[in-house]
Colleague: 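Below is a structure I'd like to ask you about.
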There are 4 protein chains.
Amino acid sequence: MTKPAKTFENLPDEKRERVLAEATREFADHGFHQASVNRIVNRLGIAKGSLFKYFGNKEGLFEYLFGHAVAEFKKPLKAIRDNGTGDFFDRIEQTFLASGAFVDAHPNIYRIYLKMLFNERFPLRERFLGEIRKAHAKFLRQLIEDGKKRGDLPAGLDAADAVFILHSTMDRFLQGYAVPSLDHGVEPTENTLHDKARAMTDLFRHGLGGSREG
Amino acid sequence: MTKPAKTFENLPDEKRERVLAEATREFADHGFHQASVNRIVNRLGIAKGSLFKYFGNKEGLFEYLFGHAVAEFKKPLKAIRDNGTGDFFDRIEQTFLASGAFVDAHPNIYRIYLKMLFNERFPLRERFLGEIRKAHAKFLRQLIEDGKKRGDLPAGLDAADAVFILHSTMDRFLQGYAVPSLDHGVEPTENTLHDKARAMTDLFRHGLGGSREG
Amino acid sequence: MTKPAKTFENLPDEKRERVLAEATREFADHGFHQASVNRIVNRLGIAKGSLFKYFGNKEGLFEYLFGHAVAEFKKPLKAIRDNGTGDFFDRIEQTFLASGAFVDAHPNIYRIYLKMLFNERFPLRERFLGEIRKAHAKFLRQLIEDGKKRGDLPAGLDAADAVFILHSTMDRFLQGYAVPSLDHGVEPTENTLHDKARAMTDLFRHGLGGSREG
Amino acid sequence: MTKPAKTFENLPDEKRERVLAEATREFADHGFHQASVNRIVNRLGIAKGSLFKYFGNKEGLFEYLFGHAVAEFKKPLKAIRDNGTGDFFDRIEQTFLASGAFVDAHPNIYRIYLKMLFNERFPLRERFLGEIRKAHAKFLRQLIEDGKKRGDLPAGLDAADAVFILHSTMDRFLQGYAVPSLDHGVEPTENTLHDKARAMTDLFRHGLGGSREG
DNA sequence: TATGAATGAGCCTTCATTCAT
DNA sequence: CATGAATGAAGGCTCATTCAT
């Protein structure tokens, strides 16, 4: 898939990373079409031709950097699945926290993801979103199956609905976490990642009605 | 705010609506900056100058069409607040349904909203998002207060957290509804608006654990 | 030459003058091509079509208003020729003062003239400049002839050179009077119209060398 | 100030000069706003983007070419001040001739200057006119001071008035020289630069009355 | 291999003029 | 007769991409 010219692979580590970081920032700031190759190379102080030699075109550059990021995207999930502790709901809470940590570590990648989500013209969108979605669904389905076996969840729970609910909630939870301007017009009493993850988990555990003292 | 030339107001209804529909489609397809006034006027078969006479510039066109839509955006909420029936959770379900109906009726407006959500450079973003957010928060806070009085919700429930949870969930529910490509890799047994709204409401009522037979 | 539609001639005096004043201002501010018919009609609050009905096109409007002004342009000269007093140099001084008075009375007309002077593309430029030039030359030649006869000027004085010198000096004198930003980097001890006219006249009388104490 | 891209500096001399010549011609023909970048690049046979790479925008192009010319503008003055011969009036005559030589060498630059003089909207007008005016005033004031010391001019002569008179006369002299259509309706017996410079100098020396047989 | 100058299609916007009402 | 909506050529400018050096 994502194969840049060997010339890029042969670059000194530091420069290679600077190129990717600067490009990632540009795509995160402006989306794909509005991102400017000019700005990227100007900030980097390299020739425009070089970037095109490395990646063929703008799309190739994007494919390379986002493809790499998607792999990173999946790692937190694998870690929970393999090393999670506690019951189903504890693991969900851990997933929330791990996702938040990823967003903290790679804010620009997450910003690109969010732009891609609703920009149907974003190149490679179907492929990348499909990949991410599939990984999430697979992870969540397995968590649900385990939860049913362990008795944390009713055996009759519809897995598809549950996946939808869990994925949606997590996604939106991260959206609000990554883009604080989406806050809801109420100054929350607690605004930390942990508190919100806990609130969401409580919701899954008990519903709003059973929420113990908020 | 959002005042087009009388020229536009005086247009025959049919043409006026065609202009708005075509422009809305363009913004929904491409976002603001990538939207092309050229494409709009070519599709409409009118002169480029006409559109600029109507709205002054591209931003004026957008301000007009989206500003009007935001007003529509708020109507379903008002209707629920004034005419809702049943307990708190019933009203939440009605809200889901009303929002879905809005998205059905104005899919392109909702697509613009979604693009605006994560595109920090979208003109008038702060103003419009703030307006929408405020309307939602006000509505939900009142619903929660009423729910507490009526005993549907525990008195100790933290309103801010609840608003966050409700708003987030609804928003993401609509995102998936409006952009089916965000489906979750599982073919849901039921995919209708009503079924999903019901599933979400059940979540709020009982949590995942208590979900009656899925 | 300058024949607007009767519809314009039939307008109420006040409106007719407002139209001309506003148009004159626009041409004075922006020259011909950069003047905007849109701005004119907007300021006037009349329909664009009306202006075109009155004058055919932008050039017709200009022809009408400037043609009328040129007639005014010539009046001060005639008055000096017919009613001037004193010797040749006194009459030159009177001419300076009369010209300054015209510029005071019709500043925008003079600003148009100045723009036209060096803008080879100004419509009707050849005709209007020729008309003005001819009037000036005729007037100055007659003044010189009279001066020679009266003995104020040497009989051998070359009339052509003298006309050139007088016209040039007056023109530039007015330029500096009309466009103060052309001042010369020295704060003049006296800056009034009368003082400068007197200084210029002294120059013609005695040269710089004989200038009595400046 | 006036810094084009290295791209432009690195061009082959011949092309660089053709670009400047063609652009200067366009500004001289049409002034700033009415000048067309399209026409310039079409005549040059280069891509529109290239010109914008060189100079950023239309104003940058103008700033570069006129700024450079202004430097040239000042050189004749310096040469007179340092190497002038004869009395005050001889030096004035030399100045006239040097200015005329500049206009001969750079007619389009002088045409731009004249357009700028009365076009209040000309970009960079204040800066450039100020620069030119200052250089002239400084030069003339020094000439006058020297003339007074040497006894060519009366000690009581008002320097400010004299600068005004000299500058105005020279400026208008050049205007007529550069734009022959401003001729004065009389076919002058002699029309060469030298003759007119001599006539102007005689005026300063003796006034019109003492002018020796024209 | 790295460079960066050249390209030209496409962008948004303005404006004199026309003409149906 | 006045109106003002419609027109569309032309304007300045941007930008991904190519290619000779």
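Lettering follows sequence order; numbering is per chain, from 1. Computed from heavy atoms alone, side chains included, the values below leave out hydrogens, waters and symmetry copies.
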Colleague: Might you point out which heavy atoms bring D:Phe55 and D:Leu20 nearest each other, and give the distance in Å?
Modeller: CZ-CD2, 4.4 Å

Colleague: Quick one: is D:Thr7 getting a side-chain N or O under 4.0 Å of the E:dG4 phosphate, OP1 or OP2?
Modeller: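 Result: no.
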
Colleague: Quick one: on DNA chain E, does D:Leu51 or A:Leu51 contact a more 5' nucleotide (nearest heavy atom)?
Modeller: A:Leu51

Colleague: Given atom NZ of B:Lys6 and atom P of F:dA5, what is their separation to the nearest angstrom?
Modeller: 8 Å

Colleague: Taking the ring of B:Tyr113 and the ring of B:Phe128, is the distance between their centroids below 6.0 Å?
Modeller: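 B:Phe128 vs B:Tyr113: aromatic centres not under 6.0 Å.
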
Colleague: Both A:Asn57 and B:Leu11 contact DNA chain F. Taking the nearest nucleotide for each, which residue is further toward the 5' end?
Modeller: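 The residue whose closest nucleotide sits nearer the 5' end is B:Leu11.
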
Colleague: Closer than 4.0 Å, any side-chain N/O of C:Tyr54 to the OP1 or OP2 of F:dA2?
Modeller: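 The answer is yes; a side-chain N or O of C:Tyr54 sits under 4.0 Å from OP1 or OP2.
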
Colleague: At their closest point, which heavy atom of B:His33 faces which heavy atom of B:Pro123, and how far apart are they?
Modeller: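 Minimum heavy-atom contact is CE1-CD, 4.3 Å.
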
Colleague: Under 3.5 Å, is there a donor on one side chain and an acceptor on the other for D:Asn42 and D:Arg39?
Modeller: no

Colleague: Please determine whether a side-chain nitrogen of the Lys or Arg among B:Glu9 and B:Lys6 lies less than 4.0 Å from a carboxylate oxygen of the Asp or Glu.
Modeller: no

Colleague: Quick one: is the NZ or CZ of D:Lys58 closer than 6.0 Å to the six-membered ring centre of D:Phe32, and within 45° of its axis?
Modeller: yes

Colleague: Short of 4.0 Å, heavy atom to strand atom, which residues of residues 22-40 of chain C count as contacting DNA chain E?
Modeller: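 Result for residues 22-40 of chain C: C:Ala35, C:Ser36, C:Val37, C:Asn38, sorted by number.
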
Colleague: Side chain of B:Ala47 only, heavy atoms from C-beta on: which candidate in E:dT3, F:dG8, E:dA5 is closest?
Modeller: F:dG8

Colleague: Can you measure B:Lys53 atom NZ to E:dT17 atom P for me and round it to whole angstrom units?
Modeller: 14 Å

Colleague: NZ of D:Lys48 versus P of E:dA9: gap in Å, rounded?
Modeller: 10 Å

Colleague: Please report the distance, rounded to the nearest Å, between CG in D:Asn42 and P in E:dG8.
Modeller: 11 Å

Colleague: Using whole Å, what does the distance between atom P of nucleotide F:dG8 and atom CZ of B:Phe52 come to?
Modeller: 16 Å

Colleague: When we call it a touch if two heavy atoms are under 4.0 Å apart, what does D:Lys15 touch: a base, just sugar-phosphate, or nothing?
Modeller: sugar-phosphate

Colleague: Give the rounded distance in Å between these two atoms: CZ of C:Phe8 and C1' of F:dT3.
Modeller: 18 Å

Colleague: Heavy-atom nearest nucleotide on DNA chain E for D:Ile46 versus C:Lys58: which residue maps closer to 5'?
Modeller: D:Ile46

Colleague: Return the 5'-most residue of the pair A:Gly49, B:Asn10 with respect to DNA chain F, ranking by each residue's nearest nucleotide.
Modeller: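 First, find each residue's nearest nucleotide; the 5'-ward one identifies B:Asn10.
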
Colleague: D:His106 and D:Tyr110: aromatic ring centres closer than 6.0 Å?
Modeller: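 Not under 6.0 Å, so no.
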
Colleague: With both distances kept under 3.5 Å, what pairs with E:dC11, Watson-Crick or G-U wobble?
Modeller: F:dG12

Colleague: D:Glu26 and salt bridge (charged side-chain N to carboxylate O under 4.0 Å, His left out): which single residue from D:Lys115, D:Arg111, D:Arg43 fits?
Modeller: D:Arg43

Colleague: Once you apply the 3.5 Å cut-off to both distances, tell me the Watson-Crick or G-U wobble partner of F:dA6, or none.
Modeller: E:dT17

Colleague: For B:Phe55 and F:dA5, what is the distance between atoms CZ and P respectively, to the nearest whole Å?
Modeller: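 Rounded to whole Å, this separation is 13 Å.
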
Colleague: Can you see if the side chain of B:Ser50 gets near the phosphate of F:dA5 - specifically, an N or O under 4.0 Å from OP1 or OP2?
Modeller: no

